[in-house]
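Naming: A, B, ... by sequence-line order, numbering from 1 per chain.
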Number of protein chains: 2
Amino acid sequence: MTKTRDENTEGQILNAAKSIFQSKGMDGARMQEIADKAGINKAMLHYYFRSKQLLFEAVFKNAFSLLAPQLNAILNDDSTIEDKIKNFTSNYISFIIKHPYLPNFIIQELNRNQDFILKIKDNKGFPNLEKFKKQVDEEANKGIIKPISGEQLFINILALNIFPFVAKPLVMAFANVSDKAYKQLMENRKTEVANFIINAIKHT
Amino acid sequence: MTKTRDENTEGQILNAAKSIFQSKGMDGARMQEIADKAGINKAMLHYYFRSKQLLFEAVFKNAFSLLAPQLNAILNDDSTIEDKIKNFTSNYISFIIKHPYLPNFIIQELNRNQDFILKIKDNKGFPNLEKFKKQVDEEANKGIIKPISGEQLFINILALNIFPFVAKPLVMAFANVSDKAYKQLMENRKTEVANFIINAIKHT
DNA sequence: ACATTTGTTAACCAAATGGTTAAACTAAAT
DNA sequence: ATTTAGTTTAACCATTTGGTTAACAAATGT
């Protein structure tokens, strides 16, 4: 049997690095802290990943590869726009609840270093909007949904699903709710967001 | 005549610090870089603001005080929900186009340090949702809009307006558009977003 | 059994970084 | 003219930080 990720050193490092990088970002993270969390000597980080930058990139690519398939699902399957929105919203919010730091981490680090996007963009499996756009146009032509540009609809879907997690502290302060109440709000959004979007675009 | 902000040293420091902090974050910013940008000696930063932390807080509060009034407008004036959404969306997107780093900066640093929110929350002028929530309930009862919780509608409005700026590099990569095309997308959103929200909530 | 490769550690290093100090400069007050 | 208070600078300092090294241990192959 092959060793699980937290049994071999490389995996321990990745786990620890993920945790530290995701909560403190590249600049705020300390190699020593990662080593401590992994329960190993700092030199091991460099033995396995050579530099902070490369360790970070390993963590980042890993994180991104969790996010991408979720998006491809909505973009490339064959269900109707309405079904896609329902499925995506529910699945995606469930997914982020399990990985709350993830969207913020990715967005934050992409803002810090635009070059990252290039390193991932040519990966196969990088989300592509073409099919989705065509489908939106078709359904609009058939009168199933109101006319809207595929890009704008896509941005709106992402925004409504992701933003509340990215801006959690801000929204919590404005709405003046506890952590528990916020969690409930997010739970409700699994269906509310889909209804909201569908109301916005369906033809009456 | 009183000296303008970039004529006196303190103002120069604040301008430089704002620029550096907003693009690199607290952890990524270097005091020397701020001093260089302000064209002064590093010791001056400490002379005027004592520490990096305090300089950062000055910049942060400043940034936040730009954002808050925009929100209060939608929350506390007396127009209908529909008008509020229209006005807010158009104004807010125009505002962010002028200060593109701002939302990301605030969100990012609030995620890094939850304590910040407490330091600002008791400021007068901190946005409060109560009136808005009441109004949403009223219009829902009158049948003007579909039933929706005030919090959820507020989150949706923020999400649709702010997210595209916060996640710009990510969305640009997914939608595969140039900087110029992205700018145009944002320009279009000034009206599109309002229509989208209103379609989602208005009673038919 | 022995040699070689792989994994691990403690000690170390140079550079960077936030912060301090003491002296010098400036301009207004006496 | 001299004092005084505020402003500015260059040099300095202690600590932190990413990264290296050399020695040691544990597998692995022969």
So does B:Glu187 pair up with B:Lys183, basic N to acidic O under 4.0 Å?
no
Given 3.5 Å as the limit, does a donor-acceptor pair link the side chain of [X] with the main chain of [Y], or not?
X	Y	value
A:Asn156	A:Ile197	no
B:Lys52	B:Ala29	yes
A:Asp77	A:Ser79	yes
B:Lys168	A:Asn111	no
A:Asn91	A:Gln70	no

Could you state the atom-to-atom distance from [atom1] of [X] to [atom2] of [N] in whole Å?
X	N	atom1	atom2	answer
B:Ile13	D:dT7	CD1	C1'	11 Å
B:Tyr47	D:dT7	OH	C1'	5 Å
B:Met44	D:dT8	CE	P	4 Å
A:Asn41	D:dA23	CG	P	17 Å

Whether over 12 other heavy atoms sit under 6.0 Å from A:Lys24 NZ:
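Not more than 12 within 6.0 Å, no.
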Passes side-chain hydrogen bond (donor to acceptor under 3.5 Å, both in side chains), B:Gln32 versus B:Asp36? Steps please.
CA-CA 6 Å; B:Gln32 188 60 59; B:Asp36 290 347; 2.9 Å; yes
When you check every protein heavy atom under 4.0 Å of nucleotides 13-18 of chain D, what one-letter string (B, S, -) results, 5' to 3'?
----SB
Just jot down the ring-ring contact (aromatic ring centres under 6.0 Å, His included) partners of B:Phe56, sequence neighbours excluded, or say none.
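Testing B:Phe56 for ring-ring contact (aromatic ring centres under 6.0 Å, His included), a comparison that skips the adjacent residues, returns B:Phe21, B:Phe105, B:Phe116.
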I'd like the 5' and 3' limits of the part of DNA chain C contacted by chain A, with heavy-atom contacts below 4.0 Å.
C:dT6 to C:dA10
With a non-hydrogen cut-off below 4.0 angstrom, is A:Tyr48 in contact with a base, only sugar-phosphate, or nothing?
sugar-phosphate
Can you name the residues that form a side-chain contact (heavy atoms from CB on, under 4.5 Å) with A:Asn176, not counting sequence neighbours?
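Listed in chain order: B:Lys121.
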Please round to 10 degrees the angle between the axis of the first five pairs and the axis of the last five pairs in the helix from C:dA1-D:dT30 to C:dT30-D:dA1.
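Computed angle between terminal axes is 10°.
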Residues passing the side-chain hydrogen bond (donor to acceptor under 3.5 Å, both in side chains) test with A:Gln152, sequence neighbours excluded, are B:Arg189
I want to check one thing: is the phosphate of D:dT8, taken as OP1 and OP2, less than 4.0 Å away from some side-chain N or O of B:Thr9?
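Looking at the OP1 and OP2 atoms of D:dT8, one of them is under 4.0 Å from a side-chain N or O of B:Thr9.
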